[in-house]
Asker: 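A single structure is presented below for examination.
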Amino acid sequence: MPSETLEEYLETIYKISESGEVRPTQLAEALSVSGPTVTATLRRLEAAGLVERPGGGVALTSQGRLEALSIIRRHRLAERLLVDVLGLPWDEVHEEACKLEHALSPRVQSALEEFLSNPEVCPHGHPIPSSDGKIASVKGVPLSDVPAGAGASILSVAEDDETLLAHLASLRLFPGAHVDILEIAPMDGAMLVAVAGSPHALGRELASRVIVHPDDAQ
């Protein structure tokens, strides 16, 4: 089993890869470490057969992807435990789950899965990978792409920014909530949306981190 440091790298590589090619500089920024540290750690991952370095980039091998999804599964199960069982606020559990994900033994993880009835998504709406390394795709669009006059249901929100999550929680923008887009200011301006009948102004950057299913989508 990879060390805690290597697990953090695998998890980060996977998440960055969901948006495109992964570069070492992105890892350094995401993990708050130096370039030489990233280079040294990537060598360890490559030697273990967990990553490849195509064209100077970073890509998970098949085994590396399985390891990354296993880590993400433990993380999201830990978030469900912290929110559903211990009652912690959803905007405060990401960092705590980062600590727990490395401590869950296979036996404890199996017991937790059974206790939680094998949940399909984390509290932030992201799919929980299956025990055999499969993960559901989220078929949605950023809220920032929904036109004025339309409505949408929230599927997921960015999970790694507690300040953002606290703000979304204050606006009742949770997964499952319905949003009506009332107005959009010109020149990529703010969006005026209604949640449970209450209007709120959202910056486009924040809205881009909320994934929704538009009402008119198939």
Side-chain angles (χ1 to χ4, degrees), residues 4 7-16 18-19 30-32 66-143 152-179 193-198 200 202-203 205-213:
E4 181 174 326
E7 286 188 341
E8 288 288 349
Y9 271 74
L10 292 172
E11 183 178 10
T12 303
I13 292 167
Y14 179 86
K15 289 182 177 180
I16 295 175
E18 291 184 293
S19 301
L31 295 165
S32 300
L66 285 174
E67 292 284 358
L69 288 171
S70 176
I71 299 158
I72 291 169
R73 179 173 175 79
R74 297 199 304 268
H75 178 96
R76 292 177 178 171
L77 285 170
E79 287 185 327
R80 291 251 67 117
L81 170 68
L82 293 169
V83 172
D84 299 348
V85 180
L86 301 184
L88 296 182
W90 79 321
D91 54 304
E92 298 177 8
V93 298
H94 179 73
E95 290 302 322
E96 295 296 337
C98 283
K99 301 170 186 175
L100 286 175
E101 69 189 39
H102 305 294
L104 291 177
S105 68
R107 181 181 180 186
V108 172
Q109 179 181 339
S110 178
L112 180 58
E113 291 165 356
E114 183 176 353
F115 180 77
L116 295 173
S117 300
N118 289 300
E120 295 183 354
V121 296
C122 77
H124 311 110
H126 300 279
I128 296 176
S130 65
S131 58
D132 59 354
K134 295 183 175 62
I135 185 168
S137 59
V138 178
K139 297 180 179 179
V141 299
L143 177 58
S153 296
I154 298 176
L155 296 176
S156 65
V157 298
E159 63 182 345
D160 54 357
D161 186 330
E162 290 190 356
T163 301
L164 178 146
L165 286 171
H167 182 57
L168 292 176
S170 72
L171 303 180
R172 302 172 64 85
L173 288 168
F174 302 107
H178 189 268
V179 182
V193 305
V195 184
S198 299
H200 305 287
L202 297 180
E205 171 61 24
L206 185 152
S208 71
R209 304 190 69 185
V210 177
I211 303 302
V212 301
H213 184 271

Asker: Would you find a donor on one side and an acceptor on the other, under 3.5 Å apart, between the side chain of Arg76 and the backbone of Pro127?
Answerer: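 Side chain of Arg76 to backbone of Pro127, a donor-acceptor pair under 3.5 Å: yes, one is there.
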Asker: Enumerate the residue pairs fulfilling side-chain hydrogen bond (donor to acceptor under 3.5 Å, both in side chains) with a member in residues 85-99, sequence neighbours excluded, ordered by first and then second residue.
Answerer: His75-His94
Asker: Kindly indicate, with the supporting measurements, whether the criterion side chain to side chain contact (heavy atoms under 4.5 Å, CB included) is fulfilled by Glu8 and His102.
Answerer: CA-CA 9 Å; Glu8 288 288 349; His102 305 294; 2.8 Å; yes
Asker: Using 0.5 Å steps for rounding, measure from the CG atom of Leu164 to the CD atom of Glu205.
Answerer: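 The distance works out to 9.0 Å.
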Asker: Check step by step if side chain to side chain contact (heavy atoms under 4.5 Å, CB included) holds for Leu202 and Leu143.
Answerer: CA-CA 10 Å; Leu202 297 180; Leu143 177 58; 3.7 Å; yes
Asker: Apply side chain to side chain contact (heavy atoms under 4.5 Å, CB included) to residues Leu116 and Val85 and explain how you reach the verdict.
Answerer: CA-CA 9 Å; Leu116 295 173; Val85 180; 4.0 Å; yes
Asker: Might you point out which heavy atoms bring Glu159 and Cys122 nearest each other, and give the distance in Å?
Answerer: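 So the two residues come closest at OE1-SG, 4.1 Å.
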Asker: Would you give the length of the straight line joining atom SG of Cys98 to atom CD of Glu4, rounded to the nearest 0.5 angstrom?
Answerer: 9.5 Å
Asker: Between CD1 of Ile71 and CZ of Arg73, what distance do you get to the nearest 0.5 Å?
Answerer: 13.5 Å
Asker: Minimum heavy-atom separation for Tyr14 to Ala68, with atom names?
Answerer: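 Heavy atoms only, the tightest pair is CB-CB, 3.9 Å.
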Asker: Taking C-beta and beyond as the side chain, do Ile72 and His126 meet within less than 4.5 Å on heavy atoms?
Answerer: no
Asker: Quick check: do Leu171 and Val193 have side-chain heavy atoms less than 4.5 Å from each other?
Answerer: no
Asker: For the atom pair CD1 (Ile135) and CD (Glu120), what is the distance rounded to the nearest 0.5 Å?
Answerer: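 Ile135 CD1 to Glu120 CD: 12.0 Å, rounded to 0.5 Å.
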Asker: Tell me whether the count of non-hydrogen atoms from other residues, nucleotides or ligands lying under 6.0 Å of CD in Glu18 goes above 12.
Answerer: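 Atom CD in Glu18 is crowded, with more than 12 foreign heavy atoms closer than 6.0 Å.
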Asker: For residues Leu155 and Pro175, report the shortest heavy-atom separation together with the two atoms involved.
Answerer: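 The pair with the smallest heavy-atom distance is O-CB, 3.7 Å.
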Asker: Between Val179 and Val212, is any pair of side-chain heavy atoms under 4.5 Å apart?
Answerer: no
Asker: Rounded to the nearest 0.5 Å, what's the gap from CG on Leu206 to NE2 on His167? Could you check?
Answerer: 5.5 Å
Asker: Show the nearest heavy-atom pair for residues Asp161 and Thr163, with the distance to one decimal.
Answerer: OD1-N, 3.1 Å
Asker: Where do Val195 and Leu173 come nearest, in terms of heavy atoms and distance?
Answerer: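 So the minimum-distance heavy-atom pair works out to CG2-CD2, 3.4 Å.
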Asker: Quick check: do Arg80 and Pro123 have side-chain heavy atoms less than 4.5 Å from each other?
Answerer: yes
Asker: Can you find a pair of side-chain heavy atoms, one from Glu101 and one from Glu79, that are under 4.5 Å apart?
Answerer: no
Asker: For the residue pair Ile154 and Leu168, establish whether any side-chain heavy-atom pair is separated by less than 4.5 Å.
Answerer: no
Asker: Mind listing the closest non-hydrogen atom pair of Ala30 and Ile16 along with its distance?
Answerer: CB-CD1, 4.4 Å
Asker: Would you compute the distance between atom CG of Leu10 and atom OG of Ser70 and round it to the nearest 0.5 angstrom?
Answerer: 10.0 Å
